[in-house]
Amino acid sequence: MRSGTAGAILWGMADGTHPGGRTDGSGRGIPQPHREPQTDYGGAVYGSLQAASVVAGTAAFGPFPRLGLVLLLLITGLVFWVAHVYARLVGDLASYRDLTWQRIRHVAGDEWPIAQAAVGPAVAVVISPLLGLGVAATAWFALSVAVAEQVGWACFAAIRAGASHRLVVLSALVNLVLGLVIVVLKAKLH
């Protein structure tokens with residue numbers, strides 16, 4: 001296992017690289033050869049944490065609390081996705097003097113898992129009436145989905161990187177603890 005892989009796996013990066021195939025160190029900002037599209041587990045873990053934080057920080061939204069929560073989840077996911085795309089493009093401008101639409105599309109695709117991570121909790125909110133859940137139970141259901149996604153993506157990242165079973169479990173536990181911190185904060189806030 002490469003140096004730094006354990007830390008990368010714990011935080012959800014499958015191969016120790018930053019999104020977009022950039023490596024830590026001197027390779028940053030240098031165009032990488034064509035590669036097959038890969039899931040950015042780090043972005044998915046980050047997006048799941050962000051979605052859990054949105055659910056934990058919300059209160060009732062007037063007469064349509066479920067609609068408000070769904071919109072807040074999806075819009076926040078999109079805003080963070082745009083922010084990450086923008087940050088990557090601006091951060092790479094020192095090396096990329098000519099910004100192309102192809103480069104923008106590539107970076108946008110690499111960062112898309114951040115926005116995608118909000119879909120699961122939003123779907124949980126949408127289907128909650130079918131499960132007979134009230135507004136408070138709906139928030140807990142959506143939060144549970146976000147935390148489960150976070151742990152799942154971290155485990156997939158560890159498995160994909162070829163980590164030992166012990167490291168997969170450790171990755172799951174670290175991400176579960178992060179998710180539970182958000183759950184505790186929600187319980188304290190509400």
Using modelled atom types and a 3.5 Å cut-off, is there a donor and acceptor pairing between side-chain atoms of [X] and backbone atoms of [Y]?
X    : Y    : value
W81  : A108 : yes
S128 : V125 : yes
Q150 : N175 : yes
T76  : L72  : yes

Looking at [atom1] of [X] and [atom2] of [Y], how far apart are the two atoms once the value is rounded to the nearest 0.5 Å?
X    : Y    : atom1 : atom2 : value
L69  : L74  : CG    : CG    : 9.5 Å
Q50  : L73  : CD    : CG    : 7.5 Å
E111 : Q116 : CD    : CD    : 12.0 Å
Y46  : I114 : OH    : CD1   : 6.5 Å
T138 : L143 : OG1   : CG    : 12.0 Å

Do [X] and [Y] share a hydrophobic cluster (ILVMFWY, side-chain heavy atoms under 4.5 Å, transitive)?
X    : Y    : answer
V45  : V169 : no
W112 : V82  : yes
I182 : L173 : no

Within a strict 4.5 Å, meaning less than it, do heavy atoms of the [X] and [Y] side chains meet?
X    : Y    : value
I104 : L99  : yes
T100 : R105 : no
V147 : L180 : no
L78  : I75  : no

Run the side chain to side chain contact (heavy atoms under 4.5 Å, CB included) test on V107 and D110 for me, step by step, so that the C-alpha distance in whole Å, both residues' side-chain angles and the decisive distance to 0.1 Å come before the verdict.
CA-CA 5 Å; V107 170; D110 280 352; 5.5 Å; no
For E149 versus G120, what's the shortest heavy-atom pair and its separation?
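Result for this residue pair: OE2-CA, 3.4 Å.
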Quick one: which of L133, V183, V145 gives a side-chain contact (heavy atoms from CB on, under 4.5 Å) with W140?
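Exactly one candidate clears the test, V183.
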